[in-house]
Number of protein chains: 2
Amino acid sequence: MPDRLWYLKQINIFSQMDEAMFRQLNDMMVEKTLQKKAIVYMPDDPSEYVYCLKRGRVKISKISEEGKEITITILEPGEIFGELSLIDSGPRETIAEVIDDAYLCIVRRTDFERLMAQAPDMALRVTKLIGLRLRAIENKMEDLVFRDVPARLARLLLRLAHDHGKPAPSGGTLIDLKLSQHEFACLIGSTRETTSLFLNEFKRDGLIDLVHRRIVVLDPHSLEARGV
Amino acid sequence: MPDRLWYLKQINIFSQMDEAMFRQLNDMMVEKTLQKKAIVYMPDDPSEYVYCLKRGRVKISKISEEGKEITITILEPGEIFGELSLIDSGPRETIAEVIDDAYLCIVRRTDFERLMAQAPDMALRVTKLIGLRLRAIENKMEDLVFRDVPARLARLLLRLAHDHGKPAPSGGTLIDLKLSQHEFACLIGSTRETTSLFLNEFKRDGLIDLVHRRIVVLDPHSLEARGV
DNA sequence: TTGTATCTGTAAGAAACCTTACAGTTTGAT
DNA sequence: ATCAAACTGTAAGGTTTCTTACAGATACAA
């Protein structure tokens, strides 16, 4: 079986498809390798494709006219994105940028819809996927309105440790992402300077450790307390 | 044809269903009349049902431990809600409150899923609906991060005038909702006092008029300018 | 109609956060 | 190995917004 299919089976949306369907999907797909900083789509691009991220990482964000940025999510291998093209082919309202060299599969929106019409259980999985994203962003909005910057930061660190964490040799949980402080700020809707301030406060208080641009969560319990 | 079916055909998700399907749906449904201030569901309730709002209005919001509130959306007749039960039957994370006496149809989540599996084009419409909500909330989050209170308020007024507006006898567009200033504040993630301040500033500047708890948009063009 | 609950307008003071500024550090490319 | 670009730490000052406070207006129920 070609490597491409192996990857696809990992993506849970496509699990439980039979061989015939897989071949059909395979014929619809185009692959692409993109390097760090490459743009997959930008605001105002027509929404023509759905993407499967097979390797690397992609950041979905919004940018204001003045250049301020808010990160909606950082995607891991196995995730689908650009799925809002399923609404209509209107202009994109977000920007998708590669942050770790990526390998993508690209399916035309109309083809994807046809596939959904044929495989109702896949359609339901797509619905659930979008629903999960809706719920996630509702929670993010809740954070923005109800919590101050240190609380948002504490909760972000806990979430990243949960989603991207590895046990650190020195104890604690290493967040296995190289993100700049600017990127942390974008994830919590704040600025680089304010974020730096609180990261160092957390470090002074022994809640985290900062080593070589990586963060180790040392005291998740106290972090939770800061997340009010 | 019973009144109930007449309503259902108005709801675009159910359009294009054949008679047999309609009857099937009809058998699954329970109706309910609820008065203003009734709670349809609360945080931590299991997500067992999907609701169709046939008459009245329902507010979907989140409330923090300290009682602060953020309104996610205000629903009009013809709209579906509680659709996140399609993800799983886990606890609700939002509160759905009747704000104008409502008439609802209630469908069990599992029945709804079965219906989706049988009618792929209906499934696609549900997917699009959730997708539209996802996009709407992404834009709301963008507002929260990029814009200050007066800009958010100006944009809210324009949106409400667009969605719920009627030509006012005195000229301008009447926003046909009786919302308190507290409710306006919840819609833009601010406080009652700050909102009151800017509403009155807009009034002084001739952008809007406040009559009997209703708002008339007089100068949409200038309001747009305030929305940055 | 009367009283009570809710809503509205306004302002002073406080808090959170952003902006600006700058120097030092690290990273990555040549 | 060297240099430029990007990243980090920190602080002073200013802005926005929230909090608190209170009085008057309006709506609703008995």
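All values below come from the heavy atoms of this structure, side chains included, with hydrogens, waters and symmetry mates left out. Quantities reported herein were computed from a predicted structural model and do not represent experimental measurements. Proteins get letters first, then strands, A, B, ... in listed order; numbering begins at 1 in each.
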Requested in this report: Starting at atom CG of Leu210(A), determine the distance to atom C1' of dT25(C), rounded to an integer number of angstrom.
Outcome: 14 Å
Requested in this report: Round to a whole Å and report the spacing from CD of Glu69(A) to P of dC18(C).
Outcome: 15 Å
Query raised in the report: Can you tell me how far C1' of dT8(D) sits from CZ of Phe198(A), to the nearest Å?
Result: 16 Å
Query raised in the report: OP1, OP2 of dT8(C) versus side-chain N and O of Ser196(B): anything below 4.0 Å?
Result: no
Query raised in the report: Taking atom C1' of dT6(C) as reference, at what distance in whole Å does atom CD1 of Ile99(B) sit?
Result: 16 Å
Query raised in the report: If you measure from the Lys or Arg side-chain nitrogens to the Asp or Glu carboxylate oxygens, is any gap between Lys36(B) and Glu97(B) under 4.0 Å?
Result: no
Query raised in the report: Rounded to the Å, how far apart are Asn200(A) CG and dA11(D) P?
Result: 10 Å
Query raised in the report: Under 4.0 Å between a side-chain N/O of Thr194(B) and OP1 or OP2 of dC18(D), yes or no?
Result: yes
Query raised in the report: Starting at CD of Glu66(A) and ending at P of dC18(C), how long is that distance when rounded to a whole Å?
Result: 14 Å
Query raised in the report: With sugar-phosphate meaning primed atoms plus P, OP1 and OP2, does Arg192(B) contact a base, only sugar-phosphate, or nothing at under 4.0 Å between heavy atoms?
Result: base
**Report entry** Integer-rounded Å distance: dC28(D) C1' and Gln35(B) CD
**Finding:** 14 Å
Query raised in the report: Passes side-chain contact (heavy atoms from CB on, under 4.5 Å), Lys59(A) versus Ile72(A)? Steps please.
Result: CA-CA 8 Å; Lys59(A) 178 177 76 176; Ile72(A) 294 171; over 6 Å; no
Query raised in the report: OP1, OP2 of dC18(C) versus side-chain N and O of Ser190(A): anything below 4.0 Å?
Result: yes
Query raised in the report: With nearest nucleotides of DNA chain D determined for Arg204(A) and Asp148(B) from heavy-atom distances, which residue corresponds to the more 5′ nucleotide?
Result: Arg204(A)
Query raised in the report: What integer distance in Å separates Arg152(B):CZ from dT16(D):P?
Result: 13 Å
Query raised in the report: Which pair of heavy atoms, one from Leu86(B) and one from Lys128(A), lies closest together, and at what distance?
Result: O-CE, 3.0 Å
Query raised in the report: Should Lys166(A) and Asp176(A) count as an ion pair when the cut-off is N to O under 4.0 Å?
Result: yes
Requested in this report: Kindly check if the number of other-residue, nucleotide or ligand heavy atoms within 6.0 Å of CD (Gln35(B)) is above 12?
Outcome: no
Report task. For Lys178(A) and for Glu193(A), find the nucleotide of DNA chain C with the closest heavy atom, then tell me which residue's nucleotide is more 5'. Result -> Glu193(A)
